[in-house]
Amino acid sequence: MKIRNILPLILLFWSSNGEIISLLTGTAIAISGGAFWAFKKHLKCRLYECCEEPDIKFDHHRLDSDIANMLYGQHLVKDVVVNSIKSHWFNDNPRKPLVLSFHGYTGSGKNFVAEIIANNTFRLGLRSSFVQHIVATVDYPDKTKIHDYQIELRQRILSTAQKCGRAMFIFDETDKLPEQLLGSIKPFLDYYTTVSNVDFRRNIFIFLSNKGGGKIAEITLNQYENEYPREELKLESFERDLMSFSFNEKGGLQMSELISNHLIDHFIPFLPLQREHVRKCVEAYLRKRGRNDLVSNVELVERVLNSLQYFPPDSKAFSSSGCKRVDAKADLELAKIRPIASYRQFDDEL
Ligand SMILES: *[C@@H]1O[C@H](CO)[C@@H](O)[C@H](O)[C@H]1NC(C)=O
C-alpha cells in the first residue's frame, strides 16, 4: 500500500476528529507489518523455491513448441501430453491428479518429454524440490526392504505434495518397481479429496516404462512394412494393447488395479525411431556442441548413424537404442576430427 493512497484518508480523519495520533500509529503498524511480511516472503522466495509464480509457471505454448521442435518421430505424444496437462492445469476443480503412462523402448524420448514438461512448469525444472524423480532400481533396489520402502515412498510423496499442490512425480522404470510399492502409490492417484489431509488433485504423476515396447514396435513395424506412413497411426491402435498388456503381465496386478479403477488417464506410446529420426538427434547434438558447420557433413553424420544398432535384422527399420547413445557416438566422431581452430590456422599458413 502506498502512502499516497491513504493520505487523503488521514486528512479526512484529522479534520473530523482528534484521533490522528492513534490512527497514524495504527496505520504505520499496519503498513510496516504488511510490508515486512511481504518482504519476508519475497526474501524467502528469492532464497528458496516457492509454490507460486515465478517458480511455478506452466507455459503451454512453450511446452507445445518444445515438444514439436525437440522430439522426433513421436506424432502421438504431443497432442495428448500438451492437451491433457493443459486441461488439468486450468481446471479449477479437478477430481483427481493427472496420471500419464508413457510406454516404449529406451531412447524413444520418455524421459526427455518428462523433462520438457518439468522445464515448462517449474523454473528449476527437474531440480525443483516440487518434482520427485523416482527411479525404481536406484531408489528402491533391495527387495528385502519393501516395507521400509513403502513407508519412505509414501512419506516422500506426502511431504512433497504438502509443500506444493502442484507437485510432479515421475516414476522411471515403473516396470521394475516392486508390486507393493506401486500398490502404496494407488491412494494418491484416486478420486479422493484428500489423502492424509493432503490434497492431491492438482498433482501430476507420470509413469515411464519399457513395457509394451515390443507391442508398439510390432504395430509400428507392421505399418512400416505395409508402407503406410507412421503418422497415420492413431492412439486407439495402441491403447487397447497397452492396457491389456499391462493387465496380463506377470506381476502386473497392481498396474491392472490402477487400470481397472480408471486411475490412469492416458496411455501414451513412444514409437521406435527410424534412422531419419535418429539423424535429427545427431544434428541437434552437433548444434548443441556448437558445431553447426558439421550438420551438413553427410559422411560424419552417416558414420555416427552406422555406429548404432538397428532392428529387425532384415529391414533394420528401427534404432535399437533410439536416440540414447547418439551423444556418445557423436563425441567419438568429433574427437577424431580436428577442431575448428586448427583448420583456420592451417588455412592461414597456406
Ligand atoms: C531443461 O532445462 C535445463 C536447465 O535450464 C536444461 O539444461 C535442459 O537442457 C532442459 N531440457 C530440455 C529437454 O529442454
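Counting convention: from 1, in listed order, for ligands and their atoms alike.
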**Prompt:** Within 4.0 Å of atom 12 (C) of ligand 1 (strictly less), any protein heavy atom?
**Reply:** yes
**I204 side, atom CD1; D265 side, atom CG - distance, nearest 0.5 Å** = 10.5 Å
**Request:** Enumerate the atoms of ligand 1 whose separation from the nearest heavy atom of M70 is less than 4.0 angstrom.
**Result:** 14 (O)
**Request:** Could you list which atoms of ligand 1 come closer than 4.0 Å to a heavy atom of I116?
**Result:** 13 (C)
What pairs of donor and acceptor atoms, side-chain ones from residues 311-319 against any protein atom, are under 3.5 angstrom apart with sequence neighbours left out?
{"residue": "S319", "atom": "OG", "partner": "S321", "partner atom": "N", "Å": "3.4"}
{"residue": "S319", "atom": "OG", "partner": "G322", "partner atom": "N", "Å": "2.9"}
{"residue": "S319", "atom": "OG", "partner": "G322", "partner atom": "O", "Å": "2.9"}

**N or O pair under 3.5 Å between R127 and ligand 1** = no
**Asked** Does a sphere of radius 6.0 Å around CZ in F90 hold more than 12 heavy atoms from other residues, nucleotides or ligands, not counting ones at 6.0 Å or beyond?
**Response** yes
**Prompt:** Any chain of hydrophobic side-chain contacts (each under 4.5 Å) joining V135 to I146?
**Reply:** no
**Prompt:** Tell me, which protein residue and heavy-atom name are nearest atom 9 (O) of ligand 1, and how many Å apart are they?
**Reply:** E115 OE2, 4.1 Å
**Asked** Is a side-chain donor-acceptor pair under 3.5 Å present for S307 with R325?
**Response** no
**Prompt:** What protein heavy atom is closest to atom 5 (O) of ligand 1, reported as residue, atom name and distance in Å?
**Reply:** N119 ND2, 4.8 Å
**Item:** Donor on one side chain, acceptor on other, D66 and N119, under 3.5 Å
**Value:** no
**Item:** Distance filter under 4.0 Å to F112 heavy atoms, resulting ligand 1 atoms
**Value:** 13 (C)
**Request:** Indicate whether atom 7 (O) of ligand 1 is within a distance of less than 4.0 angstrom of some protein heavy atom.
**Result:** no
